[in-house]
Amino acid sequence: MPHLLKSLELNGFKSFAQKTILEFPAGITAIVGPNGSGKSNVVDAIRWLLGEREAKNLRGGKVEDLIFAGTPEKPRQSLAQASLRFQNEGNFFPVDWSEISVTRQVSRDGESRYFLNQSEIRLKDLIDFFAKVRLGTKGLIVITQGNSDLFIRANPSERREMIEEMLGLREFQIKKLRAENQLKNTQINLDKVRALIEEILPHLRSLRRQTARWDKRDTLETELKNLENVLFGSEWRYLHQEMIKTDEELSRHKKELTELEISRAKAEKHQKEVEIGEPREREELKKIKLQVSDLLEKQIRLEKDLGRLEAQLEISSSQNLPSSLSNQKLINLIREVRHHLELGLDKNIDEVKNLIQELLKKIDSELALPTGPSPKPNLEVKSQLEKINHDLGAVKKEILALREKEKQLEKSQGEFYQSFKSAVTAVEDSKRKIESWENSNQKIVFNKERLSLRLEELKRQIAQAGRHPKEIQELILGQALELNQGLESHELRELERQIFKIRGDLASIGEVDEALVKEAKETEERYQFLKRELEDAEKAKGNLRELIRDLNEKIKTEFNSALREINREFGNFFKLMFGGGHAKLNLKKADKKIVSESNGEEGKVENGGEAEDDTSEGIEIDLGLPRKRLTSLEVLSGGEKSLVGIAALFALISVSPPPFLVLDEIDAALDERNARRFAELLKSFSKQTQFVLVTHNRASMEVADVLYGVTLNNDGTSKILSLKLDSAS
Ligand code: ATP
C-alpha cells in the first residue's frame, strides 16, 4: 500500500491559529466535522503546499486571507506557515533523502518563502520538483470543495491538463511550455537582432566603401618603408663610408704638407744663404764699364785728333816731301794703324798693341828719311802726334786692363746668378708643390663638404618621408638591411621611381580619417557581434523547435495511448455508476487556447504559430445517459455531474494511479447507493493510492483507515481530534 504523505503541519494557516499536526497513514484518511470547522482549510493547505499560487483556488481573495485573521478571542497572526512531510524510502522523489519536507510561508506584507528540507528554494523549483513526480495543482490530485464536477466544468484544454498531470506528462508539458516561451523570446530576439542588422548594414556598407581604399594603405606604407630603408640605407651607408675615406685622406694629406713645408723652409733658407753670398763687385763692374766707355770715347777723340794731325802732316809733307810716294806710304801705314786699332777693340789687346808698335816703328823709319830741311810746324805736329800716340797707347792699355778686370768681375757675377737662380727655382718649386697640395687639399675638403651636404640632404629627405635618421642608422648597425653590395645607379633610380610611384598612390588614397576608421571598426564589430547573436539565436531556435517536436511526439504518443485505456475505464465506470449509457473522451483541436503555467513564472503563451501542434488538442466529453437524451453537459444535475467527474477520476487513476489523492467532499452530491459504490471503489483504489478525504458521508467514513475530526475551539480556531471509527459511526 503506497504511503507517501506522512503529515501536515499547520501554524497560523487560516482557522488553524495554533500549530496543528495531522498524521496520514497509508490507505484512506477521512476528515470529518461540522460545517465551518475548518476541514476544507486542511485541503487548501495541501493544495497551497503543492504550489498553488492563485488565491481564488484557495478560496481567498488575496494571499493575506491565508493567514489567521484573528477572532474576538484570539489576535490575528502575521505569518501563515504549512509543512507537508513525505516519506521517500522508495525514492518516489528522485533524491537521496529518505524523508522530504516542503514548507511554505506567507507574511502579511505578501512575502512568500519556500523551503525544501529546510533549504529555501524558488516557487518555480518547487513546482518542478512536484511535476517530476506527477504532482501538481492542475490535475485532479487535489479536488477542493465543490469541485467534484471539476472535470465537467473544465474546458477541453483544462481537461487535457488534468489528464496529463495524472499521466505524468505535465513535466513534459511544462518543459514544452518553457521551450515555447524561450522560442518566442528567441524569435523576438531574432527579430530585434535582424532589425538592428538591417539598421546598421547600409551605414556599415558605406563605411566599408569609404575605408576599403585605406586598407591598401598599410600594404603600400610597408612597401614604401622597405624601399625607403633600402634607398636611404644604401645612401647613408655610402656617404658614411665616403666620409671615413675622406677623413683618412685628409689626415694622410696633412702629413704630406708638413714634409712640403719643411722642404720649402729649407729652400728659402738656402736662397737667403745664397743671397747673403752675393758678390760686392757689381758697383765696381759698373764703374769699370763706365770707365771703359769713357776711355773708348777718349780713344775715339785721340784717334780723331791723330787723324786730323796726320792729315795736316800729309798736307805739309806733300808740300815738303820729295816724292809723293813716301807720303803715300805714310798714309797707308797710318791707315793700317787705324785699322788695327779698330780691330783691336775686339782682339787681344796685347796683339793689337804689338801690331801698332811695329807700324809706329815703320812710320818712324819712313819719317826718318832725308827730306831736306824740315819746317818748324812739322815738328810741332810731330810732337803732338807723338803725344797723342802716347796718350792713345796709354788709353788703350788702360782699356785693356779694365776689360780684363771687367771680364773677371762678370765671371764671378755670372756664377752668383747661376746659384741664386737655382736657389730661387728650388723655393719656387717647393712653393708650387705646396700650392698644388693646397689645391688637392681643397678638393678633398670640398669633397667632404659635398658629402656632408649630401648627408644633410639625405637627412632632410628622411625627415620629409616622416622617418627619423636614427631608424636608418639602427637598420644599418643592426644589419637589418642587406646592403653589403652597394646599389648601382640604375638600381637607385629604379628605387626612386618605385618610391615616387607609391607616394603618388598614397597621396591619391588620401589621409586616413581616424574617426571614420574607428567608427567603421566599431560598427563592423557591432555587426559581427549581431551576426553571431543572430546565428546563436537561429541555432537556439532550431534546437528549441527540435526539443518541442520531441516533446510533442512524446506527449502525443503517451497521451493518445493512455487516452484509449482511460476511455475504456471511463466507459466502464460510467456504466457502473449510471447503470448503463456510454461515456467517451474525445480529442478536439482547440481553436486558440490559452495555456498558462499559472503556478510557474513563465506567464502566458499563445499556443498558436510556432507552438501549434497535436498536443494542443483538448478533451471533449461525449456522454450518453440511459433513458435520457442529453443535449449538453450543462443540463446534467449536480449529482450527475459529480458522478461523471468521479467516473473520469477513477478511469484516470486506474490507468495511472497517483501516489495520493486529496478529495474534499466529492461525494457530497451522491445518493446513498452511489455514495456506497464510491466508498467501495475508493477502498479498492486505496491499494494503489493514498487518500485524504473530507467527507460527510458515512460510507466513506466507514472505508477510512483513520478518521480525524475537526472542531472549533471556544476561541473560534480549528483543532484536530483523532477519532476512532466506532465513535464516528
Ligand atoms: P463545510 O463542512 O461547511 O464545508 P468546513 O469544515 O470545510 O465547512 P472550512 O471551509 O474549512 O469549513 O472553514 C471555513 C472556516 O474557516 C470559516 O469559519 C472561516 O471563518 C474560517 N476561516 C477561513 N479563513 C480564515 C482566516 N484567514 N482566519 C481565520 N479563520 C478563517
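For ligands, and for the atoms within them, numbers begin at 1 and follow the listed sequence. What's counted below: heavy atoms across the whole structure, side chains too, no hydrogens, waters or symmetry copies.
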So is Arg104 actually on top of Phe115's ring, under 6.0 Å and inside 45° of the axis? no

State whether Lys192 and Glu199 are salt-bridged, where the test is any N-O pair (Lys NZ or Arg NE/NH1/NH2 against Asp/Glu carboxylate O) under 4.0 Å. no

What residues come within 4.0 Å of ligand 1, counting heavy atoms only? Lys14, Ser15, Pro34, Asn35, Gly36, Ser37, Gly38, Lys39, Ser40, Asn41, Arg59, Asp65, Ile67, Phe68, Ala69, Gln145, Glu665, His696

Pair listing, salt bridge (charged side-chain N to carboxylate O under 4.0 Å, His left out) test, anchored in residues 9-36, at least two apart: Lys14-Asp44

CD of Gln187 to CD of Glu538: how many Å apart, nearest 0.5 Å? 8.0 Å

Can any side-chain N or O of Arg85 pair as donor or acceptor with the backbone N or O of Ser101 at less than 3.5 Å? no

Is a side-chain donor-acceptor pair under 3.5 Å present for Asn697 with Arg676? no

